[in-house]
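The structure under discussion appears below in the form of structure tokens.
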Amino acid sequence: MEFNRPIWVEVDLTKLRNNFKKIKKIVGNCKIIGVVKADAYGHGAKEVTKVLEKEGIFGVAVASLEEALNLRESKVKIPILTLGYIYPKTLEIAAKNDISVTMFDKKFLKRLKEYNGKKTLNIQINIDTGMGRLGLFPSEVVDSVEEIKKLKNIRITGIYTHFATADSDLSYAKEQLNLFRTILDLLKKEKFLPDSIHAANSAGVLNLKESYFNTVRPGILLYGLSPFNDKEVEFEPVMSFKARTIFTRTMPEGKGISYGKTFITKKESLLATIPVGYADGLLRGLSNKGEVLIKGKRAKIIGNITMDLTMIDVTNFPYIHPGNEVVIIGKQGNEEITASEIAKKTGTINYEIVTRIGKRVKRIYKT
Ligand SMILES: *Cc1c(COP(=O)(O)O)cnc(C)c1O
């Protein structure tokens with residue numbers, strides 16, 4: 001029995017597998033850490049990780065310990081790395097569950113010195129070579145490593161940096177890379193290099209072969225989406241976002257549609273209401289601007305998008321009635337609406353479009 005509304009996300013796991021294989025082919029012998037933060041960019045971290053694990057991925061990365069623990073609860077066995085903040089009191093839980101955490105500032109050294117859990121805590125060091133977000137200053141790295149080496153139950157399993165512009169400004173990315181290399185050389189002199197060395201996000205995987213080291217860290221490409229603002233990639237989107245019309249009717253000319261009456265029918269029109277609103281991730285910025293697919297054709301969103309419902313104009317469409325399938329993201333017939341198209345219309349990036357799809361939209365997995 002269905003108690004929600006006719007609205008769902010389809011996640012095509014075969015396409016996910018194909019995208020993973022494609023990345024593998026590009027990076028050759030490098031280990032791949034798949035980025036599955038934010039519920040795998042809205043695709044479902046548990047299901048996505050299970051598939052990638054089966055395909056032999058080296059490990060995955062998430063934003064928080066909560067995301068990591070959810071994966072362990074789902075019996076994920078491969079290495080998991082948290083990229084973000086960890087509450088000091090939870091370090092023992094991380095170690096107990098074999099979750100590697102990121103050291104991204106010098107203050108963390110104090111936490112590590114205080115750590116007295118029974119299990120060895122695995123850490124990876126993030127160096128800020130130019131992203132300006134998280135990470136040790138390059139000048140802090142060698143000293144920190146020397147200190148950590150003295151600690152019995154802490155092991156450094158990886159060292160990484162993150163690009164700010166691998167999708168847009170390659171010369172800046174190369175500067176970051178050079179800085180990263182300088183530090184790696186220093187560590188090599190100290191006879192210390194951890195198992196995993198990585199820098200490449202999806203844009204790095206496609207644009208910067210010299211950034212591979214022995215591990216890469218792609219996210220968006222796994223989901224078949226482009227890391228570039230102005231260029232598509234030859235990967236297939238894994239996600240489609242669909243709904244069914246729940247109400248159709250003929251509206252006379254001159255009637256206001258939705259909050260604020262921002263749309264007035266110019267003639268007698270056939271309208272359909274779909275059970276998708278901004279709380280589901282159909283950005284309100286698409287009001288009177290966005291389109292959806294129905295009967296294999298583009299239909300315009302009219303009036304303001306509301307929290308749970310949106311109206312579309314289906315005048316001149318054949319046989320529209322409640323129950324017709326509507327595609328918000330994805331293909332229908334020969335037409336396709338991509339997350340990138342929506343992103344452009346709303347002044348954002350495809351990453352935001354897929355991660356904003358609401359929790360109450362069920363995900364359906366095609367194996
Ligand atoms: C999100 C993230 C990635 C993945 O980036 P994509 O552009 O999706 O490939 C890699 N590394 C870090 C540190 C991240 O935060």
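As the structure is a computational prediction, the values presented were derived from the model and not from experiment. Counting convention: from 1, in listed order, for ligands and their atoms alike.
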Please list every donor-acceptor pair under 3.5 Å in which a side-chain atom of residues 103-117 meets a protein atom from a residue at least two apart or in another chain.
| residue | atom | partner | partner atom | Å |
| --- | --- | --- | --- | --- |
| Asp105 | OD1 | Phe108 | N | 3.3 |
| Lys110 | NZ | Glu114 | OE2 | 3.3 |
| Lys113 | NZ | Glu147 | OE1 | 2.8 |
| Tyr115 | OH | Lys119 | O | 2.6 |

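- Closest to atom 12 (C) of ligand 1, if we only count protein heavy atoms, is His162 CE1, 3.3 Å.
- Taking the centre and axis of the six-membered ring of Tyr319, the NZ or CZ atom of Lys295 falls outside the cone set by 45° and 6.0 Å.
- Counting only heavy atoms of the protein, atom 7 (O) of ligand 1 lies nearest to Tyr351 OH, 2.6 Å.
- Annotation: cation-pi geometry satisfied between Lys231 and Phe228 (NZ/CZ under 6.0 angstrom from ring centroid, within 45° of ring axis).
- At the shortest separation from atom 4 (C) of ligand 1 among protein heavy atoms lies Tyr41 OH, 3.4 Å.
- Here the protein heavy atom with the shortest distance to atom 9 (O) of ligand 1 is Ser202 OG, 2.5 Å.
- The shortest separation from a heavy atom of Pro218 to ligand 1 is under 4.0 Å, placing the residue in contact.
- Expressed to the nearest 0.5 Å, how far NE2 of His43 lies from CZ of Arg363 amounts to 9.0 Å.
- Those atoms of ligand 1 with a heavy atom of Ile220 less than 4.0 angstrom away are 6 (P), 8 (O), 9 (O).
- For the pairing with Val101, the side-chain contact (heavy atoms from CB on, under 4.5 Å) check across Asn122, Thr90, Ile80, Ile86 returns one residue only, Ile86.
- Between Phe213 and Phe180, a ring centre-to-centre spacing shorter than 6.0 Å is recorded.
- Nearest-residue assignment for atom 11 (N) of ligand 1 (options Arg217, Lys37, His198, Arg133; heavy-atom criterion): Arg217.
- Ligand 1 has an N or O atom lying under 3.5 Å from an N or O atom of Gly219, backbone or side chain.
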